[in-house]
Amino acid sequence: MCSIIKKTLSLGFGILIFSVSMAAKDSIPQYFGNHQDDLESIAVSKNIVATGSWDKKIQLFKSDSTHTYIQELSGHNAAVSALRFTSDGKMLVSGGKDYKIIIWNTENPDNVEKVKELSMVHNAGINSIATGSLKGVIYSAGDDGRIVISYYVKGTSRFIDNKIPINEIAVSPNNQLIYCADESVNLKQYNMLGGLLREFKGHTDEINAVACSNDNLMVVTGSSDKTAIIWNVSNGKPKKVLSGHGWKITSVAFSPDNKYVITGGTDGMVKIWDANSGEEVESFFDEKIRIRQLDISSDLTNIYAAVQLNTEVQQVSYKAIVWNTGMNIKPAVTALPNTSTNGNTIRNGNTQNKETNNATSKTTSEPSKPSPSKNGTTNGSKEVFSRGDEVKISIEDE
């Protein structure tokens, strides 16, 4: 007998109702795949699970309970360090330590083919890929400190210079903001023209991961300080600080209904948190691995992880991991929201940006695979939000 929880989320005139069923979970992970080196990236669509490895390969599997092997993709000359499906699931985008982006057509899961290759997009390894909801646009970031916006259909691109290596980026659901987790302790918020709007200050060590909620109201960050922070985007205050990991948090995600936050770390732990209360809902642990990147199924039934092996504990082969959460989120009613966040007002599907006066990864590296040294500083007009009950705001002009 499973319990049913119904959650109604009101977004202006739009209503999104999720039905969450809780069933018995299986805390024993399943392993799948057969790479020849540590995994670095993973992405999940409705039909496919894609894994990327230091063996320069991408492996594809069915995203059903069998996780049947589909095919292997070649094209990168170094580690496949970033993977992301487009929002419609028809394209897979991969980024590598070879500074290259490859776009793959996944409409036919049994015959995935290369669509386009973008060489030398960056001047160093790529750590993060984001796709947003705009067709023909790819966002990437890496060790060169650049956020590159590639209009791959038009064959053009532009970049935002963050100045220091970037671990992960996330694009807001309204495609107006880019959140940047880099080798500093502050989360940076850019507009699409490259203006540094804000810095969220609260972590005490570098930020490795960032994700946006689907309602555009929250952002979560994961840090080497062993905590994750859920930020209230509208006022810049930390909503909750999540403590419980024993080592660096390297990957974070929101559930589709925005009710839960999922975190994974180099301590081999994956945790599910209540985004409102900050309480830990569930935890999974495997001593043999270090989490590099997480992704979840659209209904939160499964949590997938790309992992590195813990060299102190022997394991036969390099595989991805999936945990069954015992949860099942099913959207019952959907409607387009009419909401205002961060000064970006959405009316009838059109976005108006009130920030008109502003200027025009994912991964933290382990000792075995060092990152480039930190360098440079971040300049620009910005607001700095600090962790705590009160918000401290300082304005710095160039």
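Here, residue 1 is the first one in the sequence, and each next residue gets the next number. Atoms considered below: every heavy atom in the structure, side chains included; atoms not considered: hydrogens, waters and symmetry mates.
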> What are the two closest heavy atoms between A209 and S251, and how far apart are they?
Replying inline: CB-CA, 3.7 Å
Using a strict cut-off of less than 4.0 Å between a Lys/Arg side-chain nitrogen and an Asp/Glu carboxylate oxygen, indicate whether [X] and [Y] qualify as a salt bridge.
{"X": "D55", "Y": "K57", "value": "no"}
{"X": "D274", "Y": "K240", "value": "no"}
{"X": "D182", "Y": "K188", "value": "yes"}

Do other residues, nucleotides or ligands put more than 12 heavy atoms under 6.0 Å from the [atom1] atom of [X]?
{"X": "K226", "atom1": "NZ", "value": "no"}
{"X": "K90", "atom1": "NZ", "value": "no"}
{"X": "K62", "atom1": "NZ", "value": "no"}
{"X": "K100", "atom1": "NZ", "value": "yes"}

> Do V121 and S157 come close enough that some side-chain heavy atom pair is under 4.5 Å?
Replying inline: no
> Do I129 and I101 touch side chain to side chain, with heavy atoms closer than 4.5 Å?
Replying inline: yes
> Please walk me through it: do K97 and N77 pass side chain to side chain donor-acceptor pair (under 3.5 Å)?
Replying inline: CA-CA 8 Å; K97 296 297 185 182; N77 302 316; over 6 Å; no
>> Can you tell me which residue among V93, I149, V148 is in a side chain to side chain contact (heavy atoms under 4.5 Å, CB included) with Y139?
In response: I149
> Do the side-chain N and O atoms of H67 and Y304 include a donor-acceptor pair separated by under 3.5 angstrom?
Replying inline: yes
> So, S224 and N208: side-chain donor and acceptor under 3.5 Å apart, yes or no?
Replying inline: yes
>> For the OG1 atom of T68 and the CZ atom of F61, what is their distance to the nearest 0.5 Å?
In response: 10.0 Å
>> Using only atom types and a distance under 3.5 Å, with no angle test, would you say the side chain of Q176 pairs donor to acceptor with the backbone of N191?
In response: no
> Does the gap between the ring centers of H35 and Y318 come in under 6.0 Å?
Replying inline: no
> Does the ring centre of Y99 sit less than 6.0 Å away from the ring centre of H76?
Replying inline: no
> Given the rule that I, L, V, M, F, W and Y join up when any side-chain heavy atoms are under 4.5 Å apart, are I70 and F32 in one cluster?
Replying inline: no
